[in-house]
Amino acid sequence: MRWVVTGSGGMLGYDVADVLRSAGESVGALDRAALDVRDPDACRRALDGADVVVNCAAWTDVDGAESDEGGAFAVNAVGAANVARVSAACGATLVQVSTDYVFAGDVAVPYAVDAALRPGNAYGRTKAAGEWAVAAECPTSYVVRTAWLYGAHGRSFPATMLRLAAARETLDVVDDQVGQPTWTRDLAVFVRDLVAGGAAFGVHHGTASGQTSWCGFARAVFAAAGLDPDRVRATTSDNYPRPAARPAYSVLDNAGRMPGWEDALHRALPSLRA
Ligand SMILES: NC(=O)c1ccc[n+]([C@@H]2O[C@H](COP(=O)([O-])OP(=O)(O)OC[C@H]3O[C@@H](n4cnc5c(N)ncnc54)[C@H](OP(=O)(O)O)[C@@H]3O)[C@@H](O)[C@H]2O)c1
């Protein structure tokens, strides 16, 4: 089976390609220089011969999308549609990576896979459009929604916490946003198993089990690193105004399909500190 990973220079794309290679799969890893998903002809050339395409290419600057929604839409919606059209034409299975931000996060229970989309910011709107485009263009597709990703090959929250811990005695971290911190390597395994196991096409939630706030996550990072978690103080989002609205309760119902977030953090930490 020939896998092609787009956006392979990014945090998730790197680990998806690496996990697949480690499992002995044949992988074409295409970073942005090798394939710009906004270019339909380039997609046709680059994806030819793929059995499975994992689209990790995305505009991920959530705040930047507020002032350039067109730019984000070109990658997250039009780019996804280009990849989906070519995947369908060459008979490939497509995995489109999406986000909890397709929901506003103003509810109190986890979102089901079939919950109505209602993004609360520009980035979420462009990713929702990408989901619709993929469903419309490629019947042999998975949409894998994930959230709060961290990994060794990108800007990761745990690494930031450890860096700040070395510089400051105390840290103020928001406690009023709740989600599911998800390790990119666990998500990569989830994607591989989804495809290899012949799961039903459609939407799947690929997030770690359990939930916590950013403050809870930061305290867990401190504790796992042997630091005093009480050095992390709870604060509220009001103290950190951002251009894009953030979901308050951003938990996806994944029916315990992935390992718990604390377990993942302990397994991930050595690679994040390297
Ligand atoms: N990070 C999170 O917390 C999170 C949460 C939920 C969902 N997701 C989703 O997970 C996926 C992977 O995100 P990530 O965290 O790995 O983000 P990332 O590190 O920013 O990776 C995205 C990659 O896409 C590339 N890219 C941007 N525009 C492109 C284009 N026109 N053509 C081809 N490649 C392009 C970027 O290249 P450059 O760096 O050169 O721009 C980057 O390498 C995305 O679909 C994202 O929406 C992420």
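Model, not experiment: these values are computed from the prediction.
- The aromatic rings of Phe103 and His205 stand perpendicular to each other, their planes meeting at an angle above 60°, with 30° marking the opposite boundary.
- In terms of the ring-ring contact (aromatic ring centres under 6.0 Å, His included) criterion, Phe190 has no residue partners (sequence neighbours excluded).
- Apart from Tyr101 itself, the hydrophobic cluster it occupies contains Val62, Tyr123, where clustering links Ile, Leu, Val, Met, Phe, Trp and Tyr at side-chain heavy-atom distances under 4.5 Å.
- Side chain of Asn76 to backbone of Ala58: no donor-acceptor contact under 3.5 angstrom is found.
- With sequence neighbours excluded, no residue forms a salt bridge (charged side-chain N to carboxylate O under 4.0 Å, His left out) with Arg219.
- Arg192 is linked by a salt bridge (charged side-chain N to carboxylate O under 4.0 Å, His left out) to nothing, counting only residues two or more places apart in sequence or in another chain.
- Applying the 4.5 Å side-chain rule to ILVMFWY residues, one finds Val4, Leu30, Leu35, Val37, Leu47, Val53, Trp59, Val75, Val83, Val86, Leu94, Val113, Val143, Val203 in the same cluster as Val134.
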Start with the C-alpha gap between Arg45 and Asp41, add the side-chain angles, then the distance that decides, and say whether salt bridge (Lys or Arg N to Asp or Glu O under 4.0 Å) holds. CA-CA 6 Å; Arg45 286 191 299 273; Asp41 291 329; 5.4 Å; no
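- Under the salt bridge (charged side-chain N to carboxylate O under 4.0 Å, His left out) criterion, the residue pairs touching residues 128-154 are Arg85-Glu137, Glu131-Arg145, with sequence neighbours excluded.
- There is a path of hydrophobic side-chain contacts, each under 4.5 Å, that joins Leu20 to Val52.
- We find the OH-CG distance between Tyr142 and Asn55 to be 16.0 Å, quoted to the nearest 0.5 Å.
- Qualifying salt bridge (charged side-chain N to carboxylate O under 4.0 Å, His left out) partners for Arg21, counting only residues two or more places apart in sequence or in other chains: none.
- At a cut-off of 3.5 Å, with distance as the only test, no side-chain donor of Ser8 or Asp31 sits close to an acceptor on the other residue.
- Under the salt bridge (charged side-chain N to carboxylate O under 4.0 Å, His left out) criterion, Asp193 pairs with no residue, sequence neighbours left out.
- Between the side chain of Asp253 and the backbone N or O of Tyr111 there is no donor-acceptor pair closer than 3.5 Å.
- Taking 4.5 Å as the limit, some side-chain heavy atom of Tyr249 sits within range of a side-chain heavy atom of Pro110.
- Among residue pairs with one or both ends in residues 96-117, those qualifying as salt bridge (charged side-chain N to carboxylate O under 4.0 Å, His left out) are Asp106-Arg118; sequence neighbours excluded.
- Note on Val221 and Tyr150: same hydrophobic cluster, where clusters join Ile, Leu, Val, Met, Phe, Trp and Tyr whose side-chain heavy atoms are under 4.5 Å apart, directly or indirectly.
- Residues satisfying the ring-ring contact (aromatic ring centres under 6.0 Å, His included) test with His153, not counting sequence neighbours, are Tyr14.
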Please report, to 0.1 Å, the donor-acceptor pairs under 3.5 Å made by any side chain of residues 170-181, with sequence neighbours excluded.
unit_1, atom_1, unit_2, atom_2, d
Asp172, OD1, Arg233, NE, 2.8
Asp172, OD1, Arg233, NH2, 3.1
Asp172, OD2, Arg233, NH2, 3.3
Asp175, OD1, Ser213, OG, 2.6
Asp176, OD1, Ser237, N, 3.2
Asp176, OD1, Ser237, OG, 2.6
Asp176, OD2, Ser237, N, 3.0
Asp176, OD2, Ser237, OG, 3.4
Gln177, OE1, Trp214, NE1, 3.2
Gln177, NE2, Ser237, OG, 3.1
Gln180, OE1, Thr207, OG1, 3.2
Gln180, OE1, Leu252, N, 2.8
Gln180, NE2, Thr207, OG1, 3.3
Gln180, NE2, Ala208, O, 3.4
Gln180, NE2, Leu252, O, 3.0

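- In terms of hydrophobic clustering, with Ile, Leu, Val, Met, Phe, Trp and Tyr side chains grouped at heavy-atom distances under 4.5 Å, Met161 and Met11 are assigned to different clusters.
- For Arg242, the side-chain contact (heavy atoms from CB on, under 4.5 Å) partners at least two apart in sequence or on another chain are Asp63, Arg246.
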